[in-house]
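Here is the structure we will look at.
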Amino acid sequence: QSRRERRGVNMGRHLADVYASLAAMLEAGLGYPQALRTVAQGGEDRIGRALAVVAADLDQGATVAEAFARQSKTLPKDDQAMIRVGEESGKMPLVMKNLAEWHAFRRRLWRLAMTGLAWPAVVVHIGAFVAPLPPLVLGKSSVAAYLLQALGILLLLYVPVGIVILMAWLKPRLTSLARTADGALLWIPLFGSAMRDIAISRYCRGFRMLHEAGVPAVAGAEVSAGMCGNLALAVCFQSAVLSARQGEPVSKGLAAFLPPDFLAIWSVGEETGRLGESLERLAAQWEERAQFRFQQIAFWAPKVVYGAIML
C-alpha cells in the first residue's frame, strides 16, 4: 500500500481516540475550547497542534465549523462536513461519537484487507525461492537461472501490487483516471468483490452517521456516496440521490444494483422509523461478507501460485 494510505490509517487511529474524548467531554458539559485544549495535550503531535489552533480560533470568535475548516490539511473533508452538521443541528456530542466510530470502522476495514492479503504474499515469496531449488541442487541449472526463475515467480505478486500502488498514487492527481481505476479494481476476481462489499459497508455506515445527525435524505445520500471509497460505485449510488430528490424512498434508488435482501432490510428501517438500526446491521453484514472474500483469497491464492509455478 502507498505511504499516503498508511499515514491516513495511522491518523485515523488517532482521530478515533480524539473524537471519542471530545464526545465524552462535550456530553459532560465542557466548553469547546477547554475540551479541545484538553484533548490536544494528549493527542498525536500533528492533530494536537491542529486542535490547539481550533481552540484559539474559537476564542477569537470563529464558529466551530469555521475553526475546523481552517485545518483542512490535517482534518478530512468528510469530518469537517459532519462537524458543520453537528453545529447546525445542536447534536455535536453525537456527531463526535459517530466520527469516532467511523474512523475505528475504517481502521478495522484496513486491518481486514491487510490480514486477508498477507498470507498469499508470504506463500509467493516462499514458493519463489523453493520451487526452482531442486534443479539447482541437482546441478541442472546455474545460480543465474535459479535467480531468474525466482524473480519470475515474484513478478506474479509485484506486478499486480505495483499496478495497484500506481493507481493509488494517480487517483488524487488524475480525477478522470480515478473512476476508471476504481472500476477496474472491482473486476479483479474475489478481490474486486471484497472491495465492493467494503464500499457498500462504508456507504451504509456513512449514511447512518448522517441520518442520526439529522441530515435530510438527499444530502445524506450525496455525502454518503462520496464516503464509500470507490468512485465507480459512488456513481451508482447517485441513483439513491435522484430517488430522494423525487420524494421516493432511498432504497428504491438502490434497487438497480443491490440485492433484494439488502433492500428489504433498508426498506423496513424506512417504514418503521428505525433506519439507523437497519443501516448498522447492513454495514456489519457487508463487512462480514468482505471478510469472507478475503478468507477465500487467502485460501485460493496459494493454490493459484502453486499452479503457476508448476507451469
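Just so it is clear, the model here is predicted, and its values are computed rather than measured.
Look at Arg196 and Asp182 and you find no salt bridge, because none of the NZ, NE, NH1 or NH2 atoms lies under 4.0 Å from a carboxylate O. Ion pairing between Arg274 and Glu277 holds under the 4.0 Å rule for side-chain N and carboxylate O. Under the 4.0 Å criterion applied to side-chain N and carboxylate O atoms, Glu280 and Arg205 are assigned as salt-bridge partners.
Taking CG from Asn230 and CG from Leu186, the interatomic distance works out to 4.5 Å, rounded to the nearest 0.5 Å. Remark: Leu185 CG to Ile188 CD1 distance equals 5.0 Å, nearest 0.5 Å. Taking OG1 of Thr74 as the reference point, atom CZ of Arg46 lies at 4.5 Å (rounded to 0.5 Å). Summarising the geometry, atom CG belonging to Asp261 is positioned 6.0 Å from atom CD1 belonging to Ile265; distances are rounded to the nearest 0.5 Å. Considering CG of Leu242 and NZ of Lys252, their distance stands at 10.0 Å, rounded to 0.5 Å. Between Glu88 atom CD and Thr63 atom OG1 the span is 9.0 Å, to the nearest 0.5 Å.
Ile200 and Val241 end up in different hydrophobic clusters when Ile, Leu, Val, Met, Phe, Trp and Tyr side chains are linked at under 4.5 Å. There is a path of hydrophobic side-chain contacts, each under 4.5 Å, that joins Leu26 to Leu30. Cluster annotation: Phe257 and Leu263 are assigned to the same hydrophobic cluster (Ile/Leu/Val/Met/Phe/Trp/Tyr, side-chain heavy-atom contacts under 4.5 Å, transitive). Leu275 and Leu94 fall into different hydrophobic clusters, where Ile, Leu, Val, Met, Phe, Trp and Tyr side chains are chained together by heavy-atom contacts under 4.5 Å. With hydrophobic clusters built from ILVMFWY side chains whose heavy atoms lie under 4.5 angstrom apart, Leu51 shares a cluster with Val64.
Heavy atoms only, all atoms of each residue included: Ala290 and Ala194 are closest at CB-O, 3.8 Å. Among all heavy-atom pairs drawn from Arg107 and Ala16, the shortest one is NH1-CB, 3.8 Å. Of all heavy-atom pairs between Ser278 and Gly269, the closest is OG-CA, 3.2 Å. Across all their heavy atoms, Ala20 and Ala100 have their closest contact at N-CB, 3.5 Å. Nearest heavy atom pair, residue Pro93 against residue Ala23, reads O-CB, 3.6 Å. Contact detail for Ala150 and Pro132: the closest heavy-atom pair is N-CG, 4.0 Å.
Open room surrounds CZ on Arg281; 12 or fewer heavy atoms of other groups in view lie less than 6.0 Å from it.
Here the side chains of Ser243 and Val250 are not in contact, with every heavy-atom distance at 4.5 Å or above. For the pair Leu36/Leu22, a side-chain contact is recorded, criterion being any heavy-atom separation below 4.5 Å from C-beta on. At a threshold of 4.5 Å between non-hydrogen side-chain atoms, the residues Phe292 and Gln295 count as touching. Leu258 is not listed as a side-chain neighbour of Ser251, based on a closest heavy-atom distance of 4.5 Å or more. Residues Met92 and Tyr32 are in side-chain contact: their nearest non-hydrogen atoms beyond the backbone lie under 4.5 Å apart. Residues Met209 and Glu101 fail the side-chain proximity criterion, which asks for heavy atoms closer than 4.5 Å.
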Show the atom names and distances, to 0.1 Å, of all donor-acceptor pairs under 3.5 Å that link a side chain in residues 210-227 to residues at least two apart or in another chain.
residue : atom : partner : partner atom : Å
Glu212  : OE1  : Arg208  : NH1          : 2.9
Glu212  : OE2  : Arg208  : NH1          : 3.2
Glu222  : OE2  : Arg245  : NH2          : 2.3
Ser224  : OG   : Phe207  : N            : 3.2
Ser224  : OG   : Gly220  : O            : 2.7

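Ring planes of Phe129 and Tyr146: tilted class, angle from 30 to 60°.
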Criterion side-chain contact (heavy atoms from CB on, under 4.5 Å) on Ile47 and Val39, from CA distance to verdict: CA-CA 10 Å; Ile47 298 174; Val39 175; over 6 Å; no

Test log, rule ring-ring contact (aromatic ring centres under 6.0 Å, His included), inputs Trp286 and Phe262: CA-CA 9 Å; Trp286 286 76; Phe262 178 98; 5.7 Å; yes

Worked check of side-chain contact (heavy atoms from CB on, under 4.5 Å) between Leu254 and Tyr203: CA-CA 12 Å; Leu254 301 173; Tyr203 179 81; 4.3 Å; yes

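Side-chain N/O atoms of Gln80 and Ser72 include no donor and acceptor closer than 3.5 Å. Side-chain atoms of His103 and Asp17 include no donor-acceptor pair closer than 3.5 Å.
The only member of Val53, Leu75, Asp57, Val54 that meets side chain to side chain contact (heavy atoms under 4.5 Å, CB included) when paired with Arg70 is Asp57. Between Asp197 and the choices Arg293, Gln285, Gln291, the side chain to side chain donor-acceptor pair (under 3.5 Å) rule is met once, by Arg293.
Formation of a donor-acceptor pair under 3.5 Å by the Glu287 side chain with backbone atoms of Ser201 is not found in this model.
Residues Trp102 and Tyr19 place their aromatic rings such that the two centres sit no closer than 6.0 Å.
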